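Just so it is clear, the model here is predicted, and its values are computed rather than measured.
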Amino acid sequence: MVYAIVKAGGRQEKVAVGDVVVVDRLAAKAGSTIELPALLLVDGEKVTTDAQDLAKVSVTAEVVRDEKGPKIDILKYKNKTGYRVRKGHRQKLTRLKVTGIN
């Protein structure tokens, strides 16, 4: 089994060919191909962590679509002062499908 640990959207993700990964929003159109930097590669029993060997490894992924995460409600309240603030947030995300590890 071949898989890699890649840096994507400020986090590290474990990916294999065919996996669908959701990362922070990337500046890429749907259908375009991007390359993710590999931090570790596992090919059966062989584990590669050397920076020079990982520079030769390319993990390609196709952008499936842009989407938004779940809504988060932020409520602030202070007793006896009339202070009440209600805010919301939805994180912008990108869905990727891993197409190859070479």
TODO: Could you tell me whether D66 and R25 make a salt bridge, using a distance below 4.0 angstrom between a side-chain N and a carboxylate O?
DONE: yes
query: So, do L26 and V63 sit near enough that their side-chain heavy atoms are less than 4.5 Å apart?
result: no
Q.
I'd like to know if the side chain of T99 reaches the main chain of T60, judged simply by a donor and an acceptor atom lying under 3.5 Å from each other, with no hydrogens or angles considered.
A. yes
Discussion item. Let me check something: do L93 and I34 share a hydrophobic cluster, defined by ILVMFWY side-chain heavy atoms less than 4.5 Å apart, either directly or through other members?
Written reply: no
Review point. Are V15 and L54 in one and the same hydrophobic cluster, where Ile, Leu, Val, Met, Phe, Trp and Tyr link if side-chain heavy atoms are under 4.5 Å apart?
Key: yes
Checklist entry - When clusters are formed by joining ILVMFWY residues with side-chain heavy atoms under 4.5 Å apart, either directly or through shared neighbours, do I101 and V23 land in the same one? => result yes
Scanning both residues in full, the closest heavy-atom pair of V17 with G100 reads CG2-CA, 4.1 Å
Give the cluster check for V21 versus V57: same hydrophobic cluster or not, with ILVMFWY residues linked at side-chain heavy-atom distances below 4.5 Å. yes
Please evaluate residues R84 and R86 with respect to the criterion side-chain contact (heavy atoms from CB on, under 4.5 Å), reporting the C-alpha separation (whole Å), side-chain torsions for both, the decisive distance (0.1 Å), and the verdict. CA-CA 7 Å; R84 194 173 85 188; R86 182 177 178 197; over 6 Å; no
When every non-hydrogen atom of E35 is compared with those of S58, the smallest separation belongs to OE2-CB, 3.3 Å
Residues at least two apart in sequence or cross-chain that pass side-chain hydrogen bond (donor to acceptor under 3.5 Å, both in side chains) with D43, listed by chain then number, are none
Quick note, salt bridge (charged side-chain N to carboxylate O under 4.0 Å, His left out) partners involving residues 5-21, not counting sequence neighbours, are R11-E13, R11-D24
Residues at least two apart in sequence or cross-chain that pass side-chain hydrogen bond (donor to acceptor under 3.5 Å, both in side chains) with R95, listed by chain then number, are E67
NZ of K68 to CD of Q91, rounded to nearest 0.5 Å, is 11.0 Å
With L41 as partner, the option from T48, V47, I5, D53 fulfilling side-chain contact (heavy atoms from CB on, under 4.5 Å) is T48
Notebook entry, point to check: Are V2 and L36 grouped together when hydrophobic residues (ILVMFWY) are joined by side-chain heavy atoms under 4.5 angstrom apart?
Noted result: yes
Tightest non-hydrogen contact, residues V59 and A38, listed as CG2-CB, 4.2 Å
